[in-house]
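For reference, the structure discussed in these notes is given below.
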Amino acid sequence: MRAARPPALSAESFLRNYGLSTREGVALMCVAEALLRIPDAQTQDALLREKLGSGEWNAASAADWALLLTGTIVRWHDEPSTLKSLVSRLGEPVVRTAVRQAMRILAGQFVVGETIEQAVARAAERPRYRFSYDMLGEAARTAADAATYLDLYLKAISKVKAPDSISIKLSALHPRFEEAKRARIFAELLPRLTELAALADRRGVGITIDAEESERLELTLDLHEKLAEKFTPGLAVQAYQKRAPAVCDWLVALGKATQRRLPIRLVKGAYWDGEIKRAQQLGMPDYPLFTRKAATDISYVACATKLLSAPDAIYPAFATHNCRTVATILELAESDFEFQKLFGMGDTLYDILLADHPKAACRIYAPVGSFTDLLPYLVRRLLENGANTSFVHQIADPSVPVAELIADPVAALPEPYVPDPRIPLPREIYPDRANSVGLDLSSQKVLTALRTRTLADRERAPAGPVEPTSPQELDFCIARAQEAFEAWSRAPAAQRAARLERAAELLELRMVELVSLVVREGKRTYNDAVAEVREAADFCRYYALQARTHFDKPIPLAGPAGERNELRLHGRGVFACISPWNFPLAIFTGQVAAALAAGNTVIAKPAEQTPRTGFLAIEILHAAGIPADVAICAAGEGGTLGAQLVADPRIAGVAFTGSVETAKLINAALAKRDGPIVPLIAETGGVNAMLVDSSALPEQVVDDVVISAFQSAGQRCSAQRILFVDSGNAPRVLQLLHGALAELKVGDPADPDTDVGPVIDADARHALLRHIDKLAKSAKLIGQAKAPASGNFVAPIAFQLSLEALPKVEVFGPVLHVHVYEKKDLPKVLDWLRGTGFGLTLGIHSRLQSFVDDIVREARVGNIYVNRSMIGAVVGVQPFGGEGLSGTGPKAGGPHYMLRFATERTLTVNTAAVGPAPTSRSRSSRRRRIVPASWE
Ligand code: NAD
């Protein structure tokens with residue numbers, strides 16, 4: 001294979017010239033991913049200049065590019081540093097056209113045709129292979145996308161002839177292919193699948209359901225099982241999943257039970273990076289897939305053995321580009337099977353193989369679709385196959401010896417087996433503290449358990465008002481907390497830290513009880529409620545660590561000889577912690593934990609709407625060993641009890657999170673107090689925007705907008721209120737947004753399929769409806785979800801407005817304001833944003849680093865998120881908090897927060913006065929050393 005030069009412009013030749021670990025390889029991938037879909041020339045040129053303008057383009061790559069561009073631009077290979085000279089001319093229309101053309105040629109190497117007719121015609125040129133066509137594109141975001149895909153699949157099935165087949169991606173056929181939407185999936189997606197399977201059956205064409213992320217596995221298997229009652233559907237199995245061998249057993253049993261020979265495609269797996277990231281982000285106990293490549297290779301052989309052992313139940317297909325795997329399968333197989341390969345990859349391997357084994361069969365998995373859709377797909381494929389450990393990458397690298405390339409994977413594993421130490425378990429990703437544990441909400445079992453518990457609790461303990469703390473009681477509470485301060489503040493910081501760490505464990509242990517309460521009282525969805533518990537636990541551990549690091553021992557300071565200088569941090573006294581209802585557990589616990597860790601005692605006042613959550617959090621702190629008088633919960637109205645608390649001269653500091661109006665009231669109340677001036681840490685609201693340019697990927701933008709603007713019914717301080725979108729990208733973005741809004745389910749948060757729960761109370765609802773009424777008269781409606789008629793629901797909604805009409809105040813609910821801007825007006829947009837005076841969160845979506853850099857430089861905002869959603873800050877990872885009207889700082893969950901809860905004292909000792917510090921001498925001999933040593 002090494003000797004045979006790969007076809008020009010194949011994946012192998014691409015990887016040979018540009019390893020993906022090189023800047024050039026990455027630059028080309030970035031251009032490939034974005035160029036063709038960018039609507040305007042100006043942004044296309046900016047992308048080319050940025051991505052191709054740097055990098056060492058050697059002769060080999062220049063030659064390749066010349067090859068790509070043959071016929072389009074003058075003979076580059078005649079000039080040695082062609083790309084450099086090209087770069088200086090970037091921006092010229094001819095260059096842009098040439099590179100676009102080059103991208104189309106590159107795309108043509110991986111897509112068999114833009115339409116199924118073209119694909120079938122091109123496939124006929126390779127009679128030695130069978131084909132399975134895949135309709136290119138990412139997952140459907142809207143019902144319209146899903147309908148388009150269904151038509152494409154139906155058409156493809158009707159055009160294809162056996163033995164060719166069709167591969168079907170379930171997430172393309174339904175915009176909400178998720179476990180939580182199981183009932184909807186069975187009601188809506190199953191009929192679509194049945195229609196496809198029935199047509200395929202009539203035409204004698206096979207269909208195979210593609211494998212997707214592990215969170216969709218159970219749902220995929222159940223749909224496949226249902227289809228297998230009437231048809232013979234194929235399925236892809238991913239060997240990198242730890243469940244793969246069990247899935248193979250299950251499929252063998254299904255084939256036997258239905259007396260059908262199910263076509264099963266065994267692949268290694270295509271979503272490795274995403275799966276690892278997701279497991280870490282969700283705090284899963286372990287990864288759903290193997291972290292070692294060799295373990296996947298072994299799993300592949302184990303699965304192959306299972307599939308080959310039941311020829312009556314399974315017709316296996318082995319998708320691989322790896323010589324060793326191919327050889328292993330040839331050895332193992334005693335019945336018929338086929339190999340599979342990707343279009344544009346592995347040609348050398350299979351051309352040799354089919355020549356050597358005339359009876360062997362190989363099917364090409366062949367993407368069909370527009371080149372614009374292709375490129376993100378191509379990038380993913382190349383990244384997978386270009387990973388340094390992959391066979392395709394290594395065969396392209398002449399420095400890797402063949403013996404190593406075909407080495408036994410069993411020998412490559414440590415004995416006894418341990419996972420790859422470079423990939424710590426999700427719980428261990430932080431070097432100095434544990435990550436919080438999450439719940440797997442893609443498991444039907446977990447969802448059902450949460451729902452059962454929440455409904456039972458709702459039945460048992462109907463929500464009613466909580467007895468408020470009276471003014472006299474509050475007075476007494478403050479006295480108790482003041483009394484307890486001395487002992488608590490003198491306790492070693494490590495002891496305080498240990499109790500907070502215990503509290504973190506208890507929060508995790510009582511996850512289900514807490515989730516149920518947050519759902520019932522705070523009206524949060526399960527997703528949000530689990531995140532609340534995790535964030536509360538993270539706060540406890542993070543501040544415990546800060547206490548150990550900064551409060552346990554004095555911090556030595558440099559100074560002159562003969563003097564010892566040190567800085568010590570101490571608690572200030574009784575802290576008032578006042579929190580909002582919208583993070584009833586996380587923010588409440590975070591404030592209290594920081595104050596306690598710093599050595600303060602605390603009176604914590606939860607919001608009027610969520611007192612029970614506050615009381616439970618304090619109960620858990622007590623159970624973790626924090627004395628009852630050290631952390632006290634007082635419930636009541638902000639304007640009365642809250643005001644009394646803040647005005648009390650015994651309060652040594654206030655940590656507040658809530659609206660900017662309340663923050664100002666508290667600030668004024670503190671200023672009026674006699675006695676010492678005390679710290680106020682205030683975290684308030686924002687007018688948060690996302691800026692989207694024309695290089696951004698609309699699908700990704702809309703995914704992130706829906707999360708940022710509508711999750712938690714828009715009742716997060718970080719939530720997106722405004723979308724600024726470039727006019728070039730606006731049509732597609734707004735069309736997707738319209739469709740995505742229609743997919744949101746608004747309803748009871750105790751139902752696992754609810755995306756958006758109610759707003760917190762009737763007052764909030766009325767205020768929002770008034771705002772929406774006003775917009776309905778003056779702005780253009782982009783889209784809207786449906787909401788139940790009764791209850792405090794507000795349907796997520798989006799309007800398009802002029803810059804002048806955008807709100808400069810926080811609209812605290814699921815209302816998105818969209819402004820379509822022209823490129824030249826971007827400075828005006830940035831001025832407008834700064835003019836609001838708020839500075840909490842900002843989102844940016846762009847493929848242009850220069851666009852991102854310009855905005856980051858101009859923005860006066862606490863938290864900026866690029867190419868992702870703009871909510872969900874993680875403790876210690878994205879310390880959270882704003883500036884200007886959005887808050888005083890320091891950021892919660894950041895390294896400077898706890899210091900604000902502390903008072904600083906220095907100690908300076910003249911060591912020369914008593915001589916140098918004693919070493920190991922006895923006390924009596926030390927006492928005698930009054931005379932400096934040099935005098936003795
Ligand atoms: P709010 O200001 O009405 O109430 C917050 C807390 O302050 C409640 O506990 C309330 O009882 C208390 N309070 C009210 N008046 C008081 C007074 N005069 N003296 C003392 N305490 C008083 O806010 P809310 O409606 O509960 O929460 C929503 C607001 O919080 C939004 O503006 C949101 O942006 C903001 N928020 C900010 C952050 C952040 O980290 N920046 C996080 C969450 C919420």
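Atoms within each ligand, like the ligands themselves, are counted from 1 in listed order.
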**OP:** Assign the ring pair F901 / F575 to parallel, tilted or perpendicular, where the plane angle (0 to 90°) is split at 30° and 60°.
**Re:** tilted
Original post:
Out of R548, R496, R433, which one pairs with E501 under the side-chain hydrogen bond (donor to acceptor under 3.5 Å, both in side chains) rule?
Top reply: R548
Original post:
Are D704 and R868 ion-paired here, with the side-chain N under 4.0 Å from a carboxylate O?
Top reply: no
Original post:
Just wondering, are more than 12 heavy atoms of other shown residues or ligands nearer than 6.0 Å to CD in E513?
Top reply: yes
Subject >> Shortest protein contact, atom 33 (C) of ligand 1 (heavy atom only) >> reply: F812 CE1, 3.4 Å
**OP:** Select the closest option to atom 18 (N) of ligand 1 among G658, P606, G638, A647, judged by heavy-atom distance.
**Re:** G638
Original post:
Between E637 and ligand 1, does any nitrogen or oxygen pair lie at a separation below 3.5 Å?
Top reply: no
**OP:** Mind listing the closest non-hydrogen atom pair of A180 and P752 along with its distance?
**Re:** CB-O, 3.6 Å
**OP:** Establish, yes or no, whether a centroid distance under 6.0 Å links the rings of H550 and H896.
**Re:** no
Subject >> Nearest neighbour in protein (non-hydrogen) for atom 24 (P) of ligand 1 >> reply: W581 NE1, 3.4 Å
**OP:** Specify side chain, backbone, both or neither for E810, according to which of its non-hydrogen atoms lie closer than 4.0 Å to ligand 1.
**Re:** side chain
Original post:
Is a salt bridge present between E508 and R541, judged by a nitrogen-to-oxygen distance below 4.0 Å?
Top reply: yes
Original post:
Between R458 and T454, does any side-chain donor sit less than 3.5 Å from a side-chain acceptor?
Top reply: no
Subject >> Proximity winner for atom 36 (N) of ligand 1, if only heavy atoms of A719, C717, G642 are counted >> reply: C717
**OP:** Quick one: closest heavy-atom pair of A682 and A663, and the distance?
**Re:** CB-CB, 4.1 Å
Original post:
Can S579 be said to touch ligand 1, with heavy atoms closer than 4.0 Å?
Top reply: yes
Original post:
What atoms of ligand 1 come closer than 4.0 angstrom to any heavy atom of I587?
Top reply: 42 (C), 43 (C)
Original post:
Tell me: protein heavy atom nearest atom 10 (C) of ligand 1, and distance?
Top reply: E608 OE1, 3.5 Å
Subject >> Interfacing atoms of ligand 1 (cut-off 4.0 Å, heavy-atom, F656) >> reply: 2 (O), 5 (C), 6 (C), 7 (O)
Subject >> Sub-3.5 Å N/O-N/O distance, K605 and ligand 1 >> reply: yes
**OP:** Look at atom 23 (O) of ligand 1 and say which protein heavy atom is nearest, naming residue and atom and giving the distance to 0.1 Å.
**Re:** S659 N, 3.4 Å
**OP:** May I ask you to decide if G573's main-chain N or O and N600's side chain share a donor-acceptor pair within less than 3.5 Å?
**Re:** yes
Original post:
Taking atom NZ of K664 as the centre, does the number of heavy atoms from other residues, nucleotides or ligands within less than 6.0 Å exceed 12?
Top reply: no
Original post:
Just which atoms of ligand 1 are under 4.0 Å from any heavy atom in I578?
Top reply: 6 (C), 7 (O), 9 (O), 12 (C), 20 (C), 21 (N)
Original post:
Any idea which atoms of ligand 1 are less than 4.0 Å away from a heavy-atom of F880?
Top reply: 39 (C), 40 (O)
Original post:
At a non-hydrogen distance cut-off of under 4.0 Å, which region of I666 contacts ligand 1 (side chain, backbone, both, or neither)?
Top reply: side chain
Original post:
Quick one: which ligand 1 atoms are inside 4.0 Å of a heavy atom on G685?
Top reply: 34 (O)
**OP:** Within a distance under 4.0 Å of any heavy atom of A643, pick out the atoms of ligand 1 and give their elements.
**Re:** 19 (N), 20 (C)
Original post:
When only distance counts, is Q609 in polar contact with ligand 1, meaning an N/O pair under 3.5 Å?
Top reply: no
Subject >> Nearest-neighbour protein heavy atom for atom 43 (C) of ligand 1, which is reported as residue plus atom name and distance >> reply: N582 OD1, 3.3 Å
Subject >> Name of the residue among F880, Y542, Y543 meeting ring pair (Phe, Tyr, Trp, His ring centres under 6.0 Å) with Y897 >> reply: Y543
Original post:
In the protein, what heavy atom is nearest to atom 14 (C) of ligand 1, and what distance, to one decimal place, separates them?
Top reply: T662 CG2, 3.4 Å
